[in-house]
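First comes the structure, then the notes that go with it.
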Amino acid sequence: MGRHGWNSGALRWRLTALLGVGAVALALVVTLLNTLPGSGAGTDGTSRNGDKVHGTPTSTPDAETPEVGWGFTHTQFSADEGSSTATERVEGLLADAGGVPQNQHIMGWGADNPEPVKGRYDFEDLDRRIDFIRASGSTPIVTLCCAPDWMKGGEAGVGNTDWSKAALETAPDPAHFKDYAALAATVAKRYPDVRHFIVWNEFKGFWNDAKARWDYEGYTQLYNLVYKALKKVNPKIMVGGPYLVMDSVDPRSEDASAGFKGAWGAMDQRILDAFDYWNRNKAGADFVVVDGSSYTNDDELLPNEFAATDKFTAVSRWVRQQTGNLPLWWAEYYVEPADSRDEREGWSENRRVAVQAAGMIALAKGGTTSALYWNPENEKGTGCAGCLWTPTSGSGGGRKLPMFDLVSRFSKAFPPGSAYENVSVAADDVPNVRVLATGKTVLVVNTVNRQISAEIDGKKFDMQAYEVKWLTR
């Protein structure tokens, strides 16, 4: 949990509130003038018309299918803000790639509190993100997380949102599950071209302390209410869950599954139990969503960073088997352990891209048809480990980085429905490469930190250390 942080987009109003006593006093007056009688909750800048259609909905590439392919998730800083030259450059990159599916949460990760007071909405940030996705010719996806403070015991009102990680990762109180479902329906009405909704994020706030296990009953109750509310808005909306973290542990752990294990470790039985309950008691699902890492809870890459990605294949096959082959999404997938600051900057970029490519190959081989890369982006500067493009704060930003080439090209070469084929690999090369192929394309990854000579699909060529090579058949 918490591997990626939350990176709220609400920092702007926090900084504004620190500009001086005069500004604070003025803000207080404005807030009082915009307070509902007797409510005590500020509503400045909000609207009652949350379900009014925003902007110009587009015809998205995947509006009629539960499989969207390989895309990414926007985080706190993204290409919807900054220099117009830079943001338009990223829009162009994505459009030129044929559109890349993009996911955005409704609160946090770049979006302010969407409903600070019951029935009063602020969708400014979410509007901007959806506009960006539309402008880039891509499929928009919305993750329904997290919940306004008044739904979880906090204080209502503009400016009262608690953006601490602990508060954001608190689930709605059961008494407000219907309110959350109503918010989900409002979002769906506002953006009718969003046809894919993920319910919640990593079971955040759904832990049963008394039983030392996941509160899968509570999550499933929320999921079912949201599912029904969205289907009432439009039966063609597609809904997925449970967005569980498919944790693996040391096989000697007391939480290790006795029957689901591999060289990469053992699955946490508590996760399997939670998944099983949701799967048996869900109101319905158009696709199934999980996330996770190739490494264990102790950040162990077993037996090494490339072989550890075999976990993705094993888990994907297990999930599809449990759900009767529902389309499978990975909302997040990680191959590089984070440091104490939750940053992943310890590897060289060519190693990072190579292991990432191996992870995507492993997902595809397991039957995954859609996956969202958790895209980090620094607010400023030039360096950005694992990012898709350079920061868009200046006019020179928004330039593609190696990870963009991997994700966008993988998206185009291996869309849902791809028929994967076996290709010949010289015996001496088998331990050193990972390969994925269709009738048109072969992706080859060198898994060793040295140059090799390879013979794959009848072709001989050299590969640099950790090189990712694309072949045309």
Side-chain angles (χ1 to χ4, degrees), residues 1-8 105-109 113 143-156 160-181 183-184 198-227 241-258 260 265-283 289-293 295-300 315 322 331-332 334 337-338 340 342:
M1 299 295 290
R3 286 190 301 273
H4 48 66
W6 53 267
N7 293 335
S8 163
H105 292 63
I106 65 169
M107 179 175 173
W109 296 281
N113 188 334
T143 292
L144 296 164
C145 183
C146 292
D149 292 51
W150 60 270
M151 294 188 190
K152 52 194 181 188
E155 186 176 359
N160 291 331
T161 302
D162 183 351
W163 288 106
S164 68
K165 185 170 181 287
L168 193 72
E169 295 189 352
T170 298
D173 295 335
H176 287 294
F177 281 0
K178 290 183 179 179
D179 290 319
Y180 196 79
L183 174 58
I198 300 172
V199 181
W200 209 243
N201 173 304
E202 295 187 337
F203 265 47
K204 285 178 168 62
F206 287 99
W207 177 258
N208 187 320
D209 285 318
K211 297 182 179 180
R213 64 162 174 80
W214 294 106
D215 176 18
Y216 37 73
E217 300 95 339
Y219 169 80
T220 304
Q221 182 184 357
L222 175 67
Y223 174 90
N224 286 344
L225 287 169
V226 171
Y227 177 90
Y243 202 154
L244 267 168
V245 187
M246 305 304 286
D247 284 330
S248 52
V249 297
D250 187 295
R252 296 166 295 183
S253 168
E254 64 178 10
D255 298 317
S257 168
F260 192 176
M267 288 300 299
D268 187 325
Q269 185 60 46
R270 297 170 298 180
I271 293 291
L272 303 183
D273 293 343
F275 187 93
D276 178 66
Y277 182 90
W278 171 82
N279 191 38
R280 287 186 291 105
N281 294 279
K282 64 184 184 298
V289 187
V290 297
D291 87 335
S293 60
Y295 44 86
T296 69
N297 278 0
D298 297 321
D299 290 345
E300 291 185 290
V315 171
Q322 300 304 308
E332 305 170 44
Y334 300 94
S340 60
D342 202 28

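Position 1 is the first residue of the sequence; numbering continues from there.
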Going through the checks in order, is the side-chain contact (heavy atoms from CB on, under 4.5 Å) test met by Ile106 and Leu183?
CA-CA 10 Å; Ile106 65 169; Leu183 174 58; 4.0 Å; yes
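- The two residues Phe260 and Val315 come nearest to each other via the heavy atoms CZ-CA, 3.9 Å.
- When side chains are defined from C-beta on, Leu244 does not count as touching Trp278, because their heavy atoms never get closer than 4.5 Å.
- Between the side chain of Thr296 and the backbone N or O of Asp298 there is at least one donor-acceptor pair closer than 3.5 Å.
- Side-chain contact between Lys282 and Tyr227: absent, with no pair of heavy atoms (C-beta onward) separated by less than 4.5 Å.
- Between Val199 and Tyr219 the shortest side-chain heavy-atom distance falls below 4.5 Å.
- Within the 6.0 Å centre-distance limit, the rings of Trp200 and Tyr180 are counted as a close aromatic pair.
- Side-chain contact between Asp215 and Phe203: absent, with no pair of heavy atoms (C-beta onward) separated by less than 4.5 Å.
- Separating the CD atom in Gln322 from the CZ atom in Arg280 is a distance of 10.5 Å, to the nearest 0.5 Å.
- Note that CG of Asp276 is 9.0 Å distant from CD of Gln269, once rounded to the nearest 0.5 Å.
- Considering Phe206, Tyr223, Tyr277 as possible partners of Tyr216, the one that fulfils the ring pair (Phe, Tyr, Trp, His ring centres under 6.0 Å) test is Tyr277.
- The distance from atom OG of Ser257 to atom CG of Asp268, rounded to the nearest 0.5 Å, is 9.0 Å.
- The minimum heavy-atom distance between Lys152 and Thr170, with the atom names listed, is CD-O, 3.5 Å.
- Summarising the geometry of Ala266 relative to Pro251, their closest heavy-atom pair is CB-CA, 3.9 Å, with the distance given to 0.1 Å.
- When every heavy atom of Ala184 is checked against every heavy atom of Val226, the shortest pair comes out as CB-CG1, 3.9 Å.
- No side-chain donor-acceptor contact under 3.5 Å links Asn208 to the backbone of Glu217.
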side-chain contact (heavy atoms from CB on, under 4.5 Å) evaluation trace for Asp149 with Met107
CA-CA 11 Å; Asp149 292 51; Met107 179 175 173; 4.0 Å; yes
Assess whether side-chain contact (heavy atoms from CB on, under 4.5 Å) is satisfied between Trp109 and Asn201, documenting all intermediate values.
CA-CA 12 Å; Trp109 296 281; Asn201 173 304; 4.2 Å; yes
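- Heavy-atom minimum distance, Met151 versus His176: O-CD2, 3.4 Å.
- Open room surrounds CZ on Arg252; 12 or fewer heavy atoms of other groups in view lie less than 6.0 Å from it.
- Residues Glu300 and Asp250 come closest through the heavy atom pair OE1-OD2, 3.9 Å.
- At a threshold of 4.5 Å between non-hydrogen side-chain atoms, the residues Ile271 and Trp214 count as touching.
- Rounded to the nearest 0.5 Å, atoms CG (Leu272) and CG (Asp255) are 11.0 Å apart.
- Under the 30°/60° scheme for interplanar angles, the aromatic rings of Tyr243 and His105 are found to be tilted.
- A side-chain contact (heavy atoms from CB on, under 4.5 Å) with Asn113 is found for exactly one of Asn160, Thr161, Leu168, namely Thr161.
- A side-chain N or O of Ser164 and one of Asp162 form a donor-acceptor pair less than 3.5 Å apart.
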